[in-house]
Amino acid sequence: MWGNKSMPTAEIAFVAKVREQVEFLQHEEYNYDQLRVYVSGIARPWVFGPADEFEFDGDEVLVVRVGPTGEYENEGVPEYVFPLRQVVATELAISEG
């Protein structure tokens with residue numbers, strides 16, 4: 001599917017679902033305003049919003065930039081880099097309050 005035969009099927013499916021969640025987060029039709037990224041060994045999730053920029057480097061790495069990137073002048077800067085093998089869960093959410 002993604003062209004990476006060395007990655008186990010469950011990991012490929014996980015990456016596909018994270019990509020899907022990013023699409024839902026950034027689509028105005030849905031009310032989600034947070035993507036929470038839970039990383040192994042870290043108690044609290046990293047929280048990103050619909051204006052943030054998400055980039056997948058293949059199926060191995062997730063790069064996130066605080067957005068809007070044009071406004072913050074951080075285009076192309078790898079601000080947050082997550083090896084996807086260390087991401088244990090992601091959650092689409094609506095912020096409280």
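In what follows, residues are counted from 1 in the order of the sequence shown.
Annotation: His27 is not in aromatic contact with Phe24 [ring centroid separation under 6.0 Å not met].
Residues Tyr32 and Ile94 have side chains in contact (heavy-atom distance under 4.5 Å, counting atoms from C-beta outward). Looking at Val87 and Val18, their side chains never come closer than 4.5 Å, going by heavy atoms from C-beta outward. Considering only heavy atoms from C-beta on, Leu62 comes within 4.5 Å of Phe54 through its side chain. Val64 has its side chain within reach of Phe82: a pair of non-hydrogen atoms, C-beta onward, lies under 4.5 Å apart. By the 4.5 Å heavy-atom criterion applied to side chains, Phe56 and Leu84 are counted as neighbours.
Within the structure, every pair that satisfies the side chain to side chain donor-acceptor pair (under 3.5 Å) test and touches residues 38-50, not counting sequence neighbours, is listed here: Tyr38-Glu91.
Under the 3.5 Å distance criterion, with hydrogens and angles disregarded, no donor-acceptor pair is assigned to the side chains of Thr69 and Glu75.
No donor-acceptor pair under 3.5 Å is formed between the side chain of Glu11 and the backbone N or O of Glu60. The backbone N or O of Val77 lies less than 3.5 Å from a partner atom in the side chain of Arg65, making a donor-acceptor pair.
Val63 and Leu35 sit in two unconnected hydrophobic clusters of ILVMFWY residues. Membership requires side-chain heavy atoms under 4.5 Å apart, directly or through other members. Tracing side-chain contacts under 4.5 Å through hydrophobic residues (I, L, V, M, F, W, Y), one never reaches Val47 starting from Val37; they form parts of separate clusters.
Annotation: the span from Tyr30 atom OH to Glu23 atom CD amounts to 10.0 Å, rounded to 0.5 Å. One distance of note links CZ of Phe48 with CD of Glu79; it measures 9.0 Å at 0.5 Å rounding.
Every side-chain contact (heavy atoms from CB on, under 4.5 Å) that Tyr72 has, sequence neighbours left out, goes to Val66, Pro68, Asn74.
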Candidate pair Gln21 and Thr90, rule side chain to side chain donor-acceptor pair (under 3.5 Å), full reasoning: CA-CA 8 Å; Gln21 286 180 313; Thr90 57; 2.3 Å; yes
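Nearest heavy atoms, Leu25 versus Pro50: O-CB, 3.4 Å.
Look at Arg19 and Asp59 and you find a salt bridge, because one of the NZ, NE, NH1 or NH2 atoms lies within 4.0 Å of a carboxylate O, short of that distance.
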